[in-house]
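Taking it in order: structure first as structure tokens, then the write-up.
Read the numbers this way: they start at 1 and go in the same order the structure lists the ligands and their atoms.
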Amino acid sequence: MRDPSAGPRVMLKRLRELMAEPLEPQDRLDRIVRQIAQNMVAEVCSFYVLRADGVLELYATEGLNPGAVHLAQLKMGQGLVGTIAAGARPLNLSDAQSHPAFTYLPETGEEIYHSFLGAPILRAGRTLGVLVIQNKAMRNYSEDELEALETTAMVLAEMIATGDLKKVTRPGLELDLSRPVTIDGDAYSDGIGLGHAVLHEPRIVVTELLNEDIDSELSRLEEALGSLRISIDDMLSRRDVSMEGEHRAVLEAYRMFAHDRGWVRKLEEAIRNGLTAEAAVEKVQSDMRARMIHMTDPYLRERLHDFDDLANRLLRQLTGFNVKAHQAEFPDSAIIVARAMGAAELLDYTQSKVRGLVLEEGSVTSHVVIVAKAMGIPVVGQASGIVSMTENGDPIIIDGDDGNVHLRPVTDLESAYAEKVRFSARRQEQFRALRAVEPVTSDGTAVTLQMNAGLLVDLPQLEESGASGVGLFRTELQFMIASTMPRVDEQEQFYRNALKQAEGRPITFRALDIGGDKVIPYFRAAPEENPALGWRAMRLALDRPGILRTQLRALLRATGGRELKLMFPMVTEIAEFRAARELVNKEVGHLSRFGYDLPRKVELGAMLEVPSLMWQLDELMREADFVSVGSNDLFQFTMASDRGNGRVSNRFDPLGRTFLRMLRQIVIAADARGTPLTLCGEMAGRTLPAMALIGLGFRSISMAPAAIGPVKSMLLPLDVGKLEQVLLPALDEVDPKYTVRELLSDFADANGVPL
Ligand code: PEP
Ligand code: MG
């Protein structure tokens, strides 16, 4: 019996030879289509390539009028070829002309051909062109023939992607692969970065496409699948604390997919048709992505991501991909492109080379963004489709001011941005010149500007930014990037280092705030349906006092002889704050019994980030040594709007009257008791909201270090008395004509306040 895959294999072998021969590109293309036609017993074989302007151009043909090459063109969605490209799906027709999409192109002379088989040329789920065969007779092409054509299309995809066709591309008509793309995402961290793309999960480029020997490729695949399954089983069977909840669910899905017969069968089929095992993985994945890419169902999209990740793992097994070598090729100006990312992963990169971060998902208050901000790296999130459109090394510009990402930008745009970067460097110079200037408004109101930190890498920014201290030190970041729970002496050393680097400027430490969006991978916690409202922060700390006591011990020891400023997160009832104070007292007693050098003074504060405290303001202001408003959480809980969910996080405005009235009440309560008050959420670092806060009566705010300069330059010319007259009455308006944001922005314009 004839082996059905013998045909494609012979063809692929011939194609490989053709690719290796020293031929002129057009000549090579012509021979390739002739070869395909011959092998597939077709009278016509045509190769269309998608251009940057969305037109599919005939690049080579066997059988159609040769004069039509580079002249015959179809738009995306136009004709049969355009339909295949637009839908990224093949078409198999015994009578092409009766298909409703059929468009007659007189220059090709194709009217005499009836049957038609066309396959999209795909790479990473993107359509790069279309490959077609045609016959005069009304022929029904078999599944095997379609499979063979799709496999061949893959070889052509590689040819397009490696830039082989550049020499036959007419000037001004670039190919789609090099098309400039602008993606409108969300601005998460200010600044502009120019550089080259680095895919966080590197796409493995398969270079060996065609196999020499089917059996050995099948056994390579089997072996790789075997190790993949074992590694997943291993991860699942580890009694590891990180194996709870979400992570486990993902791995279980992986295990299911790794055993999926349909998937394995498709892989084997592609190998039988002549591909290497890795090329088979790439092909099957590309087909799947192309079919699933338009789906909007979030569950199915997530499954597609799972399959992608799995295919990537398999590719790594097969190609022996070396992550270290990949990092060695790291460009000097790198813009990291990722679907999503953990804070720790960002820190793994060489910081001095990272110029920006683009996330396909993410949200402004997720920790990777907070860390990036602390490091002064521009971030754009919700950049939809960026990962599949980017090739490693593509030129890319990230605009963290307006949320745009420009992939493969045209020269004019690139020079405009380069100019913008020079301009902003000059502005940074001006901000730097303000470092030593006291933050006092034009009518004599002093405002304390502190910075937020959480890692030692942040602390040099104290000097750089001119912040007077650290208003929020997120101690959980150290825990989040560690692989095991830091021991008491490690914690002590860390806090000691932080204080040393602060060179006498005060640091307000925040006790561990874990749970919710702050995930510590090694910390065992049962999965929760609603983690933001779950067992977290103070709740967890008071139920399991061992963790908090260890931290208190480390902090007290590290601040021996100095002042300790410490605040507690997510206080919901005043009783929790009292309980925390008790724990501090116990630790102080313990340490003094053992003869430790104790802090000179201990100031204990509460974070106001749960709305319930609004009805305990009096007790709070009386009992806490200071209060710090965590506006990120206070806003999310007040508006019932998840800070980590891009869909709702921007739905309501923190400068809306609702939230501002709340903040004003807090200021009044603090003033009444003389309790020091500060605010350390993200709004403090944006000039307009920061101006609003000063107008509401805040005299201390804490923000990302990069925001200190702009906020200081905003407040120097500010007349607070005048601002209060505009802002405070506006808060009480019942039927307002203007939003507070509009009023404030007009005020700034009219009074020369730079925003
Ligand atoms: C806040 O909630 O506003 C805050 C400062 O804390 P975090 O962002 O770490 O939750
Ligand atoms: Mg918070």
> What angle sits at the Mg ion (ligand 2) between OE1 of Glu609 and OD2 of Asp633, to 10°?
Replying inline: 100°

> Is the shortest distance from a Lys or Arg side-chain nitrogen in Glu587 or Arg557 to a carboxylate oxygen in the other one below 4.0 Å?
Replying inline: no

>> Between Glu476 and Arg510 (salt bridge meaning N to carboxylate O under 4.0 Å), is one present in this structure?
In response: yes

Can you name the atoms of ligand 1, numbered from 1 with element, that are less than 4.0 Å from a heavy atom of [X]?
X      : value
Leu472 : 5 (C)
Ser631 : 3 (O)
Arg643 : 2 (O), 7 (P), 8 (O), 10 (O)
Cys680 : 5 (C)
Gly681 : 3 (O)

>> As an exercise, state the distance from CD1 of Ile507 to CD of Glu563, rounded to the nearest 0.5 Å.
In response: 12.0 Å

>> With a sphere of 6.0 Å drawn around NZ of Lys586, does it hold more than 12 non-hydrogen atoms of other residues, nucleotides or ligands?
In response: no

>> Just to be sure I read this right, does ligand 1 sit under 4.0 Å from the backbone of Val629, its side chain, both, or neither, counting only heavy atoms?
In response: neither

>> Please classify the Gln636 to ligand 1 contact at 4.0 Å (heavy-atom distances, strictly less than): side chain, backbone, both or neither.
In response: neither

>> Can you give me the closest heavy-atom contact between Thr638 and Pro611, atom names plus distance?
In response: OG1-CG, 3.6 Å

> Does some non-hydrogen atom of Arg510 fall short of 4.0 Å from ligand 1?
Replying inline: yes

>> So does Met451 get a backbone contact from the side chain of Ser702, meaning a donor-acceptor N/O pair under 3.5 Å?
In response: yes

> Should Glu360 and Ser384 be marked as a side-chain hydrogen bond (donor to acceptor under 3.5 Å, both in side chains) after you check the CA-CA gap, both sets of side-chain angles, and the distance that decides it?
Replying inline: CA-CA 5 Å; Glu360 190 151 331; Ser384 97; over 6 Å; no

